[in-house]
Amino acid sequence: MDLTNRDVAKLLRNVAAALTLKKASIFQIRAYETAADAIEHLTSEVKDLWEEGKLAEVPGVGKNLSEHLNELFSTGKVAHFESLTKDLPPVFFEALDIPGVGPKTAQRILSLKVQNLEELKQRLEDGSLIKEGFSEKLAENILLGLKDTNSEKDRMLLPFAEELAAKILDYLRKSPDVKQADCLGSLRRKVATIGDLDFAVASDNPEKAIKYFVKMPGISRIVDQGENKAMVMLTSHLQIDLLVGKPKNYGNLLQHFTGSKHHNISLRKLAEDKGYSISEYGVKKLKTAVIECKTEEEVYSLLDMQTPPSEIREDAGEIEAALKHQLPQLIPYGSLKGDLHLHSSYPIEPSHDLGRDSMEDMVKRALALGYKYLGFSDHSPATSNHSKPKIIDILKKRSAFIDKLKLKYAGKIEILAGLEADIQPDGSISVPDEGLKLLDYCIVGVHSAHRMEQSKMTARILKALSNPYVQILAHPTGRLLNQRPSFEADWAKVFEFCAKKGKILEINSFPDRLDLRDDLVRQAISKGVKLVIDSDAHGLEQMDQLDYGVAVARRGWATSADIINTYGFKDLLDVLK
DNA sequence: GCCGTTTTCGGCCCGACTGTTTTCAGTCG
C-alpha cells in the first residue's frame, strides 16, 4: 500500500485530535497539526523523501516524528499512535473530515452514540439530535458540511487550478470596487497540486467587494462572510477563499497569505527579534503605530531583507538567504529559447503514443512561440516490432525527412532530430548505437518496470546514461501526480554521475509529471547538474505549457545558467555534444 | 513535539468568523 501525503497528514491530524481530547499540551497538538499541514502541501511524496533519507528536511518534522514516520513506512503502523487512538471509534475520525467539525464537536457526536456518518446525517435530519442538545444552527452547518465532505478528493493539478483561478480573477476584476486581484497560497507559490483556491482583492470598499464576490456564478453556498473575508463552496465542492484589504496595505495582505505556514511562522519570529509584529494589516513596531505597506517589498525591506519570490516561500532557507541579500536570480518565466521533447505524428511503429500534429505544424508553433530552436523526440521504434536493420532504416528515413524541414526553415529556426528511447530493465537502450549515431541527440526514459529495488534502478539508469550517444534523462523519477509515486533510485548518486559526465536531467512540464521534482531540482543544481525544461507535448496546444516547468525550476532555486534551453543555439549544441 | 548567531531548556505567529457561553471557545487559514 502506498501512503499518500494526504493519508499521512490525516493520520497526524487524527493523533492531534486524540491528543486534544486527552488535554495534551497545546504546543504538542500544534506540532502535529503543523507537521500534517506541511506534509499535505509538499510537492514531493513524503514517502519518497523517507526512502531518500530526507524526512528531516520537512519543516515541522523532528526527531520524534521522523521515528514515528519511519515506523509507519516500514511496518504500516505506529504503535504510539495506535495506543493514543485505540479508545476512539472510527466515527470520531470520520467526523473530523466534515468542514467546521473539530475534536470537540466530534467528541459531542461520539457522546450521542452515533455509529457512523450515515446515522449522523439521519439523526440530524429527523431532529433527534437537536432534542439531545445540538443547536439548530450547528445541525444545519454539519449537514451542509457533510455534503462537501469527500476525503478521497485528489488535489487539483496546477494547470487546472490556474485555469479556474483565471476565470475567478476575471470575474473579480470586473467589479468597480476591485482595484487589484491576485492569487494567494499554494497557487501563487506554484505548487504542483492545489487544494483550495485563495484570492486577494484590494478595494476601498471591502464590504461591496465581498458582496460582489459571493454572487459569483457557480457558488453552492457561502460558508463564511465577514467584513474582510469570505469563504464559499462551489457546486463542484471546491472551496474558494477571498481576502479583502485596502490598497494602502495590500502588500501586507499578499505577504501574509502567500508563504507556506512555516515561512510565515519563521518570518514572524524573525520580526519579533527585530522589534516588529507582522500581520495582514501591517507591520507594527512594538507599542507604536502600524506601518501599512502597499507592496510586499516594503514588508520585507522593513526586516532588512530581500523579497523572496513567491515560489520559494517555503521556509527552506529563503529567509536566511534573503537576510544576507544572497537570493538567487531565479530563471524568469518565458525565457526558454526552445523545446527538445516533442512528439510529432511522424509514423513510427508501434503508433500508440504518437503525437497528434505534424512536424511542420509544430515548427510553425515553435516559431509563433518565439523559439530559436526545437527538437523532435518521437518514441523509438520498438525492438519487439522491428529487426535491428529495420530500426536503422526507419531512423535514416526520418532523419532525411527532418533534414528537408531544416533546409526549409533555415535562418528562421534551428531544428534537431532527436529521439526518446526506452531504458530497458537491464539498462540497455531500445535503439542500437548505429541508430543513435544518426541523431542530433537522444533522450532516454524509464517507461516500463517502474517497481524495482533501489540499487537495481540506480544501476539501470546509470548504465543507460553511460551510453556516449545519450544526453538527456527524461522525467527522471517517473512519478505521475495523484497516480504513481516516484520510483526508487539513489538520486544523489545519479546527480553526481550527471555532474561528472555532463548528462542533462529533464524537468518535464507535463502537468501530471512536473518531474524532476522541485526538491530534487534544488539538490541537483547544488551538485552542478544542468537541466533542460521540456514540454513532452503530444499536440500543438501542449507546447504552451513550458512555464509550468519553469515554475518547478524556480521552486528548486534554479537560475538561467542551470537550464540549458535558456542558452543560445551554439551554446546548447556545445552542451549536447 | 519542534527548534536554536545570546538558548539543548523554555519558549512556541496572528487573526477572522461563528455561535451564543455577554467575555469566550471552537474552528479555520
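Computation of the quantities below employed the complete heavy-atom set of this structure, encompassing side-chain atoms and omitting hydrogens, waters and symmetry-equivalent molecules.
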### Task
Only counting residues at least two apart or in another chain, list the ones meeting side-chain contact (heavy atoms from CB on, under 4.5 Å) with A/Lys77.
A/Thr75, A/Glu82
### Query
Can you tell me the Watson-Crick or wobble partner of B/dT8, both distances under 3.5 angstrom?
none
#### Entry: Whole-Å distance separating the CZ atom of A/Arg30 from the C1' atom of B/dC3
14 Å
### Query
Between A/Phe257 (CZ) and B/dC14 (P), how many Å, whole number?
14 Å
### Task
For nucleotides B/dC9 and B/dC14, find the distance between their C1' atoms and express it as a whole number of Å.
25 Å
### ring pair (Phe, Tyr, Trp, His ring centres under 6.0 Å) partners for A/Tyr300, two or more places apart
none
#### Entry: Nearest-angstrom distance, P atom, B/dA25 to B/dT20
16 Å
### Query
Between CD of A/Gln255 and SG of A/Cys293, what distance do you get to the nearest 0.5 Å?
9.0 Å
### Query
What is the distance from CD1 of A/Ile265 to C1' of B/dG11, rounded to the nearest Å?
14 Å
### Task
Quick one, give me the B/S/- string for nucleotides 15-25 of chain B, reading 5' to 3', where B means a protein heavy atom under 4.0 Å from the base and S means that only happens at the primed atoms, P, OP1 or OP2.
SSSSSS-----
### Summary
To the nearest angstrom, the CG-C1' distance between A/Leu21 and B/dG26 comes to 13 Å
### Task
Sticking with atom C1', work out how far B/dC12 lies from B/dC17, rounded to a whole angstrom.
24 Å
### Task
Please list, chain by chain and in numerical order, all residues satisfying side-chain contact (heavy atoms from CB on, under 4.5 Å) with A/Lys324, sequence neighbours excluded.
A/Gln326
### Query
How is A/Tyr32 classified with respect to the nucleic acid when contacts are heavy atoms under 4.0 Å: base, sugar-phosphate, or nothing?
sugar-phosphate
### Task
Mind listing the residues from residues 51-74 of chain A sitting with a heavy atom below 4.0 Å of DNA chain B? Number order is fine.
A/Gly60, A/Val61, A/Gly62, A/Lys63, A/Asn64, A/Leu65, A/His68
### Query
Is the closest basic N to carboxylate O distance between A/Arg517 and A/Asp48 below 4.0 Å?
yes
### Distance between C1' atoms of B/dT8 and B/dG1 (Å, rounded)
14 Å
### Message
Taking B/dC28 as the reference, what is the distance to B/dT23 when you measure between their P atoms (whole Å, please)?
### Response
25 Å
### Message
So, OP1 or OP2 of B/dT27: does either fall under 4.0 Å of a side-chain N or O from A/Thr105?
### Response
yes
### Under the side-chain hydrogen bond (donor to acceptor under 3.5 Å, both in side chains) test, residues paired with A/Tyr548 that sit two or more places apart
A/Glu162
### Query
Do the charged groups of A/Lys47 and A/Glu45 touch, with an N to O distance under 4.0 Å?
no
### Query
Say you pick atom C1' in B/dG10 and the same atom in B/dG15; how far apart are they, in whole Å?
25 Å
### Query
Does A/His262 have any ring pair (Phe, Tyr, Trp, His ring centres under 6.0 Å) partners at least two apart in sequence or in another chain, and if so, which?
none
### Query
Quantified in whole Å, what is the C1' atom distance between nucleotide B/dG11 and nucleotide B/dA16?
26 Å
### Message
From CD1 of A/Ile240 over to P of B/dC28, roughly how many Å is that when rounded to an integer?
### Response
18 Å
### Query
For DNA chain B, whose closest nucleotide is more 5', that of A/Thr34 or that of A/Leu96?
A/Thr34
### Query
Given atom CG of A/Asp315 and atom C1' of B/dC2, what is their separation to the nearest angstrom?
12 Å
### Query
Does a nitrogen or oxygen in the side chain of A/His80 sit under 4.0 Å from OP1 or OP2 of B/dG1?
yes
### Message
Measuring from atom CZ of A/Phe199 to atom CG of A/Leu172, what distance do you get when rounded to the nearest 0.5 angstrom?
### Response
7.0 Å
### Task
Name the closest nucleotide to the A/Lys269 side chain, picking from B/dG1, B/dT27, B/dC12.
B/dC12
#### Entry: Gap between atoms CD and P, on A/Gln239 and B/dC28 respectively (whole Å)
9 Å
Indicate every side-chain donor-acceptor pair of residues 10-26 of chain A with a distance under 3.5 Å to a residue at least two apart or in another chain.
| residue | atom | partner | partner atom | Å |
| --- | --- | --- | --- | --- |
| A/Lys10 | NZ | A/Asn14 | OD1 | 3.0 |
| A/Lys10 | NZ | A/Phe93 | O | 2.7 |
| A/Lys10 | NZ | A/Asp97 | OD1 | 3.1 |
| A/Arg13 | NH1 | A/Glu40 | OE1 | 3.0 |
| A/Arg13 | NH2 | A/Glu40 | OE1 | 3.1 |
| A/Thr20 | OG1 | A/Ala16 | O | 2.7 |
| A/Ser25 | OG | A/Phe27 | N | 3.0 |
| A/Ser25 | OG | A/Gln28 | N | 3.1 |

### Task
Could you pick out which residue, A/Asp241 or A/Glu320, lies toward the 5' side of DNA chain B when each is mapped onto its nearest nucleotide?
A/Glu320
## Note on the structure
Taken to the nearest whole Å, CD/A/Glu33 to P/B/dT27 is 10 Å
### Message
Applying side chain to side chain donor-acceptor pair (under 3.5 Å) as the test, list every pair that has at least one member in residues 109-130 of chain A; sequence neighbours left out.
### Response
A/Glu119-A/Arg123, A/Arg123-A/Glu132, A/Asp126-A/Ser128
